[in-house]
Structure formats: C-alpha cells, structure tokens
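Heads up: the structure comes next, in structure tokens.
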Amino acid sequence: MRLLLLVALLATTIAIAPVHFDREKVVRVKPQDENQVSIMKNLAKDNELDFWYPDAIDHVAADMTVDFRVSGKEFQSIQSALDQNRMHYEILIDNLQEEIEKQFDVKEAIPGRHSYAKYNNWDKIVAWTEKMVDKHPEMVSRIKIGSTFEDNPLYILKIGKKDERRKSIFMDCGIHAQEWISPAFCQWFVYQAAKSYGKNKIMTKILDRMNFYVLPVFNVDGYIWSWTQDRMWKKNRSKNHNSKCVGTDLNRNFNVSWHSSPNTDDPCQDTYRGPAPESEKETKAVADFIRSHLKSIRAYISFHSYSQMLLFPYGYTLKLPPNHEDLAKVARIGTDVLSTRYETQYIYGPIASTAYPTSGSSLDWAYSLGIKHTFAFELRDKGRFGFLLPESRIKSTCKETMLAVKFIAKYILRHTS
C-alpha cells in the first residue's frame with residue numbers, strides 16, 4: 001500500500017513539474033528557393049520543431065525569415081542538414097532556459113505595488129483590475145463577460161464615461177499565452193488613459209468622446225499555464241475529444257473562413273482551430289460581447305508579439321478588403337507615429353501577404369461583422385528575444401505603441417460616423 005502511495009505521489013510530482021528548456025535553441029533560417037523550403041519541411045517531419053515565426057511549417061515560403069525552437073539533442077542533426085544543403089542559419093537564442101530567466105531583469109521598485117515595468121502573473125492582474133476601478137470609479141468599470149474552460153473569470157475594463165451609445169474601440173491582449181508583452185501593454189494603456197484624463201490634452205479629448213473596452217488577458221488559462229508550467233505554451237487549456245493533446249488556438253476559433261486551412265485540424269498542433277467555430281468558452285464570451293455592443297464599436301485592435309508589424313484584413317485570402325486604402329493609410333501613419341519615439345521600425349499591410357495566411361482569426365471575424373477598422377499589432381521585437389522580450393524593454397514598447405493607438409483613436413473619432 002505504501003509503495004502504491006509512493007508511486008502515485010511520484011507520478012503526480014512528475015506530472016506537475018514545470019517544463020525546462022536547458023540547451024534548447026532558437027534558430028533562424030531564410031530558405032532561398034522552393035528546394036530549401038522542401039528541405040525545411042522534411043526537417044520538420046523528422047524532428048520536433050516549434051515554429052515561432054511563422055507559426056506553422058505550412059506557412060514557410062521562399063525568402064521568408066523562419067524562426068524555430070529545437071532541443072539541444074536534435075540541433076546537431078538540424079545543423080548538419082543545413083550545412084550539407086548550404087542553407088545559411090543563425091542561432092538567435094543559444095540556451096532558452098537562460099533567456100527565460102534573464103527576462104526578469106527589472107527589480108520591483110516598491111514591493112506589493114503593481115509594476116508596469118514588470119510582467120505580472122494572473123493573480124496580480126486580477127488585483128490590479130480591482131484597484132483601477134477603486135482608484136478611478138468615474139472613468140473605469142469592470143465587466144465580467146464570462147469564464148474560461150478552467151472557470152477563471154474573463155474581465156473587460158471599460159474606460160470612459162457612462163454613455164454606452166458613444167463610439168468605442170474594443171482592444172484585447174494575450175490571446176496567445178506566451179506573448180507576455182501583450183497583456184503588459186493592455187495594463188499600461190488602462191493605467192495611462194485613466195491617469196492622464198484631465199491632464200493630457202489628447203487623451204482627455206479622446207475620452208470625452210469615446211469609450212474603450214479592454215480585455216487585458218484573453219487566454220487566461222493558457223497565460224497561467226505559461227507562468228506555472230510551460231513558458232512557451234500558446235493555446236488555451238480545453239480538453240480535446242479523442243486526443244491526449246490539450247488546447248485550442250483561440251485566434252483560429254472565430255467564425256470566419258474557419259475550416260479553410262488544412263494545418264489547423266490537428267489537436268496536437270499549436271494552430272489547432274477547435275472542433276467548431278466559437279467552440280471555446282473564451283472565444284464565445286468575446287464574440288457575444290462584441291456582437292452585443294456592435295452599435296458602438298467602431299474599431300477592434302488586437303495585440304500580439306513578435307515581429308513589429310501593424311496588420312489588417314484579410315488573413316484567409318489575398319483579396320483586399322473594400323476599404324483597403326483607408327486601412328493602409330491608418331497603418332502607414334500609425335507606424336510612422338510609433339517610430340517617432342525610439343525609431344522602432346514596423347512594417348504594415350494585410351495579414352496574408354505581410355505575415356502569413358491565417359483562418360478563423362479575430363481580426364477577420366470582427367471585420368466581417370461590420371467593424372471596418374480592425375488592426376493587429378505584432379509588438380517587439382524582430383526575433384533576437386522573440387517571445388522573451390526582457391522586462392527592461394516593456395516601458396519603451398508600451399510608450400511607442402501608445403502613440404499609435406492614440407492616433408488610431410483620433411482617426412476613428414474624425415472619420416467614422
């Protein structure tokens with residue numbers, strides 16, 4: 001009996017041990033032609049590669065920068081194959097575990113106080129939402145729009161006056177769990193908007209005429225898992241029928257061209273679309289909220305990382321949307337404005353041609369619903385740190401992004417009815 005208990009205890013301990021990434025590497029390759037693309041696809045078949053950019057092997061194309069994670073053990077065979085085929089490669093991260101630990105490079109200024117210069121776990125973010133409402137009751141309110149698969153609350157912070165009929169912008173962060181800079185920006189935005197009302201001329205003018213609905217963490221369960229168990233986790237944590245693999249990519253779960261990509265039907269892939277559109281509690285809650293506020297929402301902005309892009313529809317087709325010129329103009333000026341702070345260079349354009357094709361994305365879905373200004377920011381950086389942007393770069397990233405978001409808000413006020 002004691003032996004059985006010991007075995008059970010050992011099994012539990014092993015099951016909950018966090019994933020370690022010692023000696024794992026992040027490698028960058030740029031296939032020059034279709035032959036080299038084919039070599040990359042074969043390598044992905046024979047080895048466990050975690051694609052950081054693009055997010056799946058099917059999206060790899062000639063002349064595209066490709067970043068992937070590989071174990072130290074498998075790296076030797078990958079290196080050998082790349083050398084044999086004269087494919088140039090670069091090691092962006094030599095030891096992933098060391099880079100994960102180095103991410104926390106900012107000391108807490110005042111213990112216990114919410115820090116906008118640090119990454120905050122889910123418990124801290126929940127406490128922060130309460131604090132924002134207490135501190136700015138006239139300007140900030142908290143709305144519970146539903147709960148996650150693991151029964152965590154989904155909170156939206158509404159910033160602005162009580163009038164529901166005013167124009168509004170919906171913003172979400174953290175749809176992909178490992179993209180920590182994204183929720184960091186949503187926290188920064190709420191804090192700055194509430195704090196600067198009545199002090200900053202532009203923000204006061206915007207909030208006098210417009211509301212913001214901000215979802216600080218879309219994928220709560222996945223975000224918690226990325227803090228406690230697996231830093232590189234991306235999907236939510238729902239169970240998949242007839243599969244041992246957990247989770248759905250919430251940004252492939254929206255009801256727009258949902259089934260058009262063949263690489264999204266495997267539950268074991270990071271890009272799994274789920275068993276049906278809006279099958280996930282998180283997606284359904286967000287979609288229901290947006291549908292119920294459709295009369296006021298004039299723009300939808302989603303924040304991701306990494307690659308420094310400002311994207312707009314479409315992702316599922318190379319066809320351009322009817323107001324393409326308008327979207328391109330906003331994105332062009334938005335990226336110009338963003339670069340004025342630290343000269344950070346962003347590129348912009350439709351998702352499918354600027355990044356890579358996607359189906360079932362929140363951006364295309366919101367656009368199909370009639371919200372004609374939908375954008376996705378792929379925040380810093382361009383790959384040196386990838387998803388592991390150090391805390392010391394949070395503030396500069398947030399400050400420059402804030403400039404672009406304020407520009408978009410002003411544009412929406414002026415140019416939408």
Side-chain angles (χ1 to χ4, degrees), residues 15-16 18-19 119-133 141-158 170-187 190 213-241 243-255 258 264 267-293 300 302-305 360-363 365-366 376 387:
I16 60 165
V19 179
Y119 292 118
N120 296 297
N121 65 23
W122 174 241
D123 288 343
K124 283 185 179 172
I125 293 172
V126 171
W128 165 82
T129 62
E130 291 169 7
K131 184 177 150 190
M132 291 308 295
V133 175
S141 54
R142 188 174 79 171
I143 308 160
K144 185 183 174 187
I145 62 164
S147 55
T148 67
F149 178 80
E150 294 181 337
D151 213 27
N152 287 301
L154 283 168
Y155 289 130
I156 279 177
L157 291 181
K158 178 189 169 192
F170 185 93
M171 290 167 39
D172 66 52
C173 290
I175 196 167
H176 290 145
Q178 83 276 51
E179 299 170 5
W180 286 6
I181 185 60
S182 169
F185 175 72
C186 267
Q187 291 163 69
V190 171
Y213 295 106
V214 182
L215 178 62
V217 185
F218 192 133
N219 180 7
V220 176
D221 298 346
Y223 187 68
I224 292 169
W225 195 257
S226 74
W227 273 84
T228 58
Q229 296 295 320
D230 180 351
R231 177 62 187 87
M232 302 323 305
W233 188 260
K234 176 182 182 177
K235 301 187 281 183
N236 76 346
R237 295 292 303 164
S238 63
K239 302 281 187 290
N240 290 314
H241 186 59
S243 175
K244 66 183 191 318
C245 297
V246 170
T248 288
D249 180 348
L250 298 175
N251 203 36
R252 299 288 183 281
N253 191 235
F254 283 85
N255 195 10
W258 172 79
T264 60
C268 295
Q269 294 297 316
D270 271 351
T271 52
Y272 178 52
R273 65 188 177 218
E278 292 182 30
S279 60
E280 305 311 292
K281 288 180 75 178
E282 299 89 341
T283 318
K284 182 82 169 68
V286 171
D288 283 347
F289 180 86
I290 290 175
R291 279 190 286 258
S292 69
H293 289 75
Y300 169 87
S302 190
F303 296 87
H304 295 251
S305 72
S361 76
S362 64
L363 212 62
W365 173 80
F387 300 119

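As the structure is a prediction and not an experimental result, all values here were calculated from the model. The analysis underlying the following values was restricted to heavy atoms, covering all of them including side chains, and did not include hydrogens, waters or symmetry mates.
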Please round to the nearest 0.5 Å and tell me the distance separating atom CE of Met232 and atom OG of Ser226.
-> 9.0 Å
Measure the spacing between CD1 of Ile175 and OG of Ser361 and express it to the nearest 0.5 Å.
-> 8.5 Å
Step by step, work out the side-chain contact (heavy atoms from CB on, under 4.5 Å) result for His304 and Ser182.
-> CA-CA 6 Å; His304 295 251; Ser182 169; 5.9 Å; no
Smallest heavy-atom separation, Cys245 atom then Asn240 atom, equals O-ND2, 3.0 Å
Quick one: which of Phe170, Tyr213, Tyr300 gives a ring-ring contact (aromatic ring centres under 6.0 Å, His included) with His293?
-> Tyr213
Atom pair CG (Leu215) and CD1 (Ile145), whose distance is rounded to the nearest 0.5 Å | 5.5 Å
Stepwise side-chain contact (heavy atoms from CB on, under 4.5 Å) test for Val220 and Trp122 | CA-CA 7 Å; Val220 176; Trp122 174 241; 3.4 Å; yes
Any chance you could lay out the salt bridge (Lys or Arg N to Asp or Glu O under 4.0 Å) test for Glu278 and Arg252, step after step, and finish with the verdict?
-> CA-CA 9 Å; Glu278 292 182 30; Arg252 299 288 183 281; over 6 Å; no
Here the gap from Ile125 atom CD1 to Asn121 atom CG, rounded to the nearest 0.5 Å, amounts to 7.0 Å
Closest non-hydrogen contact found for Pro216 with Cys186 is CA-CB, 3.8 Å
Residues which pass side chain to side chain donor-acceptor pair (under 3.5 Å) with Gln187, listed by chain and number, not counting sequence neighbours | His114, Asn120
Atom pair OG1/NZ of Thr271 and Lys234 - distance to nearest 0.5 Å | 6.5 Å
Would you check if there is a donor-acceptor pair between the side chains of Asp249 and His176 at a distance under 3.5 Å?
-> yes
Write down the atom of Ser238, the atom of Thr248, and the distance for their closest heavy-atom approach.
-> OG-OG1, 4.0 Å
Distance in Å, Phe218 CZ paired with Asp221 CG, rounded so as to fall on 0.5 Å steps = 12.0 Å
Heavy-atom closest pair (Asn152 atom, Ile224 atom, distance to 0.1 Å) is ND2-CD1, 3.6 Å
Measure from NZ or CZ of Arg273 to the centre of the six-membered ring of Trp258 and say whether it is under 6.0 Å with the direction within 45° of the ring axis.
-> yes
Cation-pi between Arg142 and Tyr155: NZ/CZ under 6.0 Å from ring centre and within 45° of the ring axis?
-> yes
Kindly write out the residues that satisfy ring-ring contact (aromatic ring centres under 6.0 Å, His included) with Tyr119, not counting sequence neighbours, or none if the list is empty.
-> Trp180
Ser243: what forms a side chain to side chain donor-acceptor pair (under 3.5 Å) with it, not counting sequence neighbours?
-> none
With sequence neighbours excluded, what pairs up with Trp227 under the side chain to side chain donor-acceptor pair (under 3.5 Å) test?
-> Tyr223
Glu130 with Lys124: basic N within carboxylate O range, under 4.0 Å | no
Within-4.5 Å side-chain heavy-atom neighbours: Pro277 and Lys284 | no
Could you tell me which residues satisfy ring-ring contact (aromatic ring centres under 6.0 Å, His included) with Phe303, sequence neighbours excluded, listed by chain and number?
-> Phe185, Phe377
Between the side chain of Arg237 and the main-chain N/O of Val246, is any donor-acceptor distance below 3.5 Å?
-> no
Are Thr148 and Glu282 linked by a side-chain donor-acceptor pair shorter than 3.5 Å?
-> no
Decide whether Ser302 and Asp172 meet the rule of one side-chain donor and one side-chain acceptor closer than 3.5 Å.
-> yes
Going through the distances and angles, do Ile290 and Val286 end up as a side-chain contact (heavy atoms from CB on, under 4.5 Å)?
-> CA-CA 6 Å; Ile290 290 175; Val286 171; 3.9 Å; yes
Is a donor on one side and an acceptor on the other found under 3.5 Å between the side chain of Glu179 and the backbone of Ser305?
-> yes
Considering all heavy atoms of both residues, which atom of Pro183 and which atom of Gly174 are nearest to each other, and what is their separation?
-> CG-CA, 3.9 Å
Can you name the residues that form a side chain to side chain donor-acceptor pair (under 3.5 Å) with Asn253, not counting sequence neighbours?
-> Ser279, Thr283
Taking the side chain as every heavy atom from C-beta outward, state whether Val19 and Arg231 have any atom pair closer than 4.5 Å.
-> no
Considering all heavy atoms of both residues, which atom of Lys235 and which atom of Cys268 are nearest to each other, and what is their separation?
-> NZ-C, 4.3 Å
Tell me, do His241 and Pro275 make a side-chain contact under 4.5 Å, heavy atoms counted?
-> no
Evaluate side-chain contact (heavy atoms from CB on, under 4.5 Å) for Trp128 paired with Val190, printing each intermediate quantity in order.
-> CA-CA 10 Å; Trp128 165 82; Val190 171; 3.8 Å; yes
